[in-house]
Undergrad: 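Here you go, one structure.
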2 protein chains.
Amino acid sequence: MHNELRRHIEEIVSLTDDEYSLITSHFTLQKFKKNDFLIRQGESVKYTYFVISGLLKLVYYDESGKEHILSFAMEDWWETDYQAFYSTSDATMSLQCLENTTVLRITLKDYHHLCAILPKIVLFFLKKATSGHVASQQRLLSLLSSSAQDRYEQLLHRYPSLFQRVSKTLLASYLGVSRETLSRLTL
Amino acid sequence: MHNELRRHIEEIVSLTDDEYSLITSHFTLQKFKKNDFLIRQGESVKYTYFVISGLLKLVYYDESGKEHILSFAMEDWWETDYQAFYSTSDATMSLQCLENTTVLRITLKDYHHLCAILPKIVLFFLKKATSGHVASQQRLLSLLSSSAQDRYEQLLHRYPSLFQRVSKTLLASYLGVSRETLSRLTL
DNA sequence: TGTAAATAGTGATGTATGTCACAGCATCTT
DNA sequence: AAGATGCTGTGACATACATCACTATTTACA
């Protein structure tokens, strides 16, 4: 069976076999093909997803139809429209496959249930939420204080694999510049 | 004594008097004057702060000396350089008073201790970390997809009190535009 | 295998925003 | 009270980046 989740959780809290069974019983395995949607902007958000393999984009389409990428979610990432997921409201962004992708998904109810019966998992989720917050803040800082050129270099330095896996057009949407501008930057 | 913290926590999890005593025993009350630093860029970060009253700015000074404001922390906000706090490394940003400010502070050790002896507080911190993450993502989205004019309107709509409490120069640093540009925007 | 769609580069031009400079007030300090 | 310091607005000018248009390749797929 898939042990990616166990390995991932045990980087932060250790688990007995029974505890891990308890955890997996709250998740469902699901496979998607390239371009499939896990979440569609405007529709309800039922799940949070743990990426086992593949690649997703969390993306917002503005009124003019331009796409803005909030994040790329790869192996071992947790992703959803968190705002919508926790408040049970409609998605303001979409979550879509850039490659064939396998995930484990959990509902909000099961998430709460799991937290209630397995306190140590709350510590794990706290750690994840904290690093997510820190990561968003770093990205914010880089948007506020760095030029497109610098942001591009920072991104490739941090996630060199992205350069192979996604188009320049998508990288541009992530960096907050037009594809033409990105194309004119020197590597 | 100060009950702001209790009220704040009980918005999320309910507490007995004993539990609240346990919590307060992990915090220390501290007062600062306008312009005082709670955290200085480059120095170590010992505490996370809960703001009882007053106003703080979380700010990053880039190589050219320009300031970029990551957030304004007002009453009921938790603030620190989280990256540095959790990893016990040096601050990449400063936390400074814009008004005389009263806070409750907690060390990383006490934070972990409190989580260990009072599991329900972990749920509270998880909720806070989650909303912090969501808030950063919203801000990211607004930087990626909105003009300076729109971001200004969004900010004033969301935090009308800021307009009274901080200078246009600081609002500009928060919005990621020059003070001259902000000054030319129509309200 | 062939046709359509997606991707990437680049020139020409427009525009939002930055930078520099200066002036008028308001606020703080001694 | 006087001088220093900070805040705000505004003109002149510079620049990073967006937009539009076109072309050349590569990739998808029927």
Side-chain angles (χ1 to χ4, degrees), chain A residues 32-37 54-55 57 59-69 72 94 96-101 141-156 161-187, chain B residues 32-37 55 57 59-69 72 94 96-100 141-156 161-187:
Chain A
F32 294 93
K33 293 227 170 292
K34 182 170 177 174
N35 296 323
D36 282 356
F37 284 88
L55 183 63
K57 63 174 177 185
V59 62
Y60 166 76
Y61 295 92
D62 66 24
E63 320 75 48
S64 74
K66 199 153 86 178
E67 81 168 5
H68 305 277
I69 296 188
F72 296 108
S94 296
Q96 189 179 10
C97 296
L98 297 176
E99 302 173 358
N100 292 345
T101 300
L141 199 55
S142 132
L143 274 176
L144 284 175
S145 67
S146 302
S147 67
Q149 173 79 54
D150 288 348
R151 298 202 301 276
Y152 191 32
E153 287 167 11
Q154 287 165 25
L155 178 66
L156 291 185
S161 71
L162 274 186
F163 191 66
Q164 325 298 331
R165 293 171 84 179
V166 316
S167 69
K168 301 280 178 66
T169 306
L170 289 174
L171 288 183
S173 300
Y174 178 90
L175 291 170
V177 294
S178 67
R179 58 159 210 88
E180 293 92 335
T181 295
L182 186 69
S183 165
R184 280 183 259 257
L185 296 178
T186 65
L187 241 185
Chain B
F32 294 93
K33 293 226 169 293
K34 182 170 178 174
N35 296 322
D36 282 355
F37 284 87
L55 184 63
K57 64 175 176 185
V59 63
Y60 166 76
Y61 295 92
D62 67 24
E63 321 73 49
S64 75
K66 199 153 85 176
E67 83 168 1
H68 305 277
I69 296 188
F72 295 108
S94 295
Q96 188 179 10
C97 296
L98 297 175
E99 302 172 357
N100 292 344
L141 200 54
S142 131
L143 274 177
L144 284 175
S145 67
S146 303
S147 67
Q149 173 78 54
D150 288 349
R151 297 203 302 277
Y152 190 32
E153 286 167 13
Q154 287 165 26
L155 179 65
L156 291 185
S161 70
L162 274 186
F163 191 65
Q164 325 298 333
R165 293 170 83 177
V166 317
S167 70
K168 301 283 179 67
T169 306
L170 289 173
L171 288 183
S173 301
Y174 178 89
L175 292 170
V177 295
S178 67
R179 57 161 211 89
E180 292 93 336
T181 294
L182 186 71
S183 165
R184 283 185 256 256
L185 296 178
T186 65
L187 241 185

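Values below: all heavy atoms of this structure, side chains included; hydrogens, waters and symmetry mates excluded.
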Undergrad: Taking the side chain as every heavy atom from C-beta outward, state whether B:K66 and B:Y60 have any atom pair closer than 4.5 Å.
TA: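 No, too far: nothing below the 4.5 Å cut-off.
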
Undergrad: Of the candidate nucleotides D:dC17, C:dT17, C:dA12, which contains the atom at the shortest distance from the side chain of B:T181?
TA: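 Of the candidates, C:dT17 comes closest.
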
Undergrad: So which heavy atom on A:L55 is nearest to which on A:T101, and how close?
TA: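 Result for this residue pair: N-OG1, 3.2 Å.
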
Undergrad: Donor-acceptor pairs under 3.5 Å, side chain of residues 141-148 of chain A to any protein atom, not counting sequence neighbours: which ones?
TA:
from	atom 1	to	atom 2	distance (Å)
A:S142	OG	A:Q154	OE1	3.4
A:S145	OG	A:L141	O	2.8
A:S146	OG	A:Q154	NE2	3.3
A:S147	OG	A:D150	N	3.2

Undergrad: Quick check: any donor-acceptor pair below 3.5 Å linking the side-chain of A:E180 to the base of D:dC20?
TA: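 Answer is yes: a donor-acceptor pair is held.
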
Undergrad: OP1 or OP2 of C:dT19 versus the side-chain N and O atoms of B:K66: is any pair under 4.0 Å?
TA: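 Result: yes.
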
Undergrad: Which atom pairs, donor and acceptor, lie under 3.5 Å between side-chain atoms of residues 174-187 of chain A and protein residues at least two apart or in another chain?
TA:
from	atom 1	to	atom 2	distance (Å)
A:Y174	OH	A:R139	NE	3.4
A:S178	OG	A:T181	N	3.2
A:S178	OG	A:T181	OG1	3.0

Undergrad: Which is true for B:K34 with a 4.0 Å heavy-atom rule: it touches a base, it touches only sugar-phosphate, or it touches nothing?
TA: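 The answer is nothing, as B:K34 stays clear of every strand by at least 4.0 Å.
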
Undergrad: Yes or no on side chain to side chain contact (heavy atoms under 4.5 Å, CB included) for A:H68 and A:D62, after CA distance, side-chain angles and deciding distance?
TA: CA-CA 8 Å; A:H68 305 277; A:D62 66 24; 2.8 Å; yes

Undergrad: Does B:R184 get its side chain close enough to the base of C:dT19, under 3.5 Å, for a donor-acceptor pair?
TA: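 Present.
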
Undergrad: Can you measure from CG (B:L170) to CD1 (B:I69) and round to the nearest 0.5 angstrom?
TA: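 It comes to 4.5 Å.
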
Undergrad: The test is side chain to side chain contact (heavy atoms under 4.5 Å, CB included); show your working for B:E99 and B:F32 and say whether it passes.
TA: CA-CA 8 Å; B:E99 302 172 357; B:F32 294 93; over 6 Å; no

Undergrad: Can you check the A:L185 CG to C:dA8 C1' distance for me, whole Å?
TA: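 So the two atoms are 14 Å apart, to the nearest Å.
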
Undergrad: For the helix from C:dT1-D:dA30 to C:dT30-D:dA1, what is the angle between the axes at its two ends, each from 5 pairs, rounded to 10°?
TA: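 Here the helix ends are tilted 60° relative to one another.
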
Undergrad: Taking CD from A:Q164 and P from D:dT27, how many angstroms apart are they, rounded to a whole number?
TA: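 Result: 13 Å.
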
Undergrad: Would you please confirm or rule out a distance under 4.0 Å between OP1 or OP2 of D:dC17 and any side-chain N or O of A:S178?
TA: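 Result: no.
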
Undergrad: A:Q164: what forms a side chain to side chain donor-acceptor pair (under 3.5 Å) with it, not counting sequence neighbours?
TA: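 Once residues adjacent in sequence are excluded, A:Q164 has no partner under the side chain to side chain donor-acceptor pair (under 3.5 Å) criterion.
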
Undergrad: Please enumerate all residues that pass side chain to side chain donor-acceptor pair (under 3.5 Å) together with B:Q96, with sequence neighbours excluded.
TA: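 With sequence neighbours excluded, B:Q96 shows a side chain to side chain donor-acceptor pair (under 3.5 Å) to no residue whatsoever.
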
Undergrad: Rounded to whole angstrom units, what separation is found between the CG atom of B:L182 and the P atom of C:dG18?
TA: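 Distance, rounded to whole Å: 10 Å.
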
Undergrad: Round to a whole Å and report the spacing from CG of A:N35 to P of C:dA5.
TA: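 Distance, rounded to whole Å: 15 Å.
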
Undergrad: Could you check which of D:dT19, D:dA12, D:dA18 has an atom nearest any side-chain atom of A:V177?
TA: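 Within the option list, the nearest is D:dA18.
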
Undergrad: Find every protein N or O atom lying less than 3.5 Å from an N or O atom of nucleotides 5-8 of chain D, and list the pairs.
TA:
from	atom 1	to	atom 2	distance (Å)
D:dT8	OP1	B:K168	N	3.1
D:dT8	OP2	B:K168	N	2.8
D:dT8	OP2	B:T169	N	3.0
D:dT8	OP2	B:T169	OG1	3.2

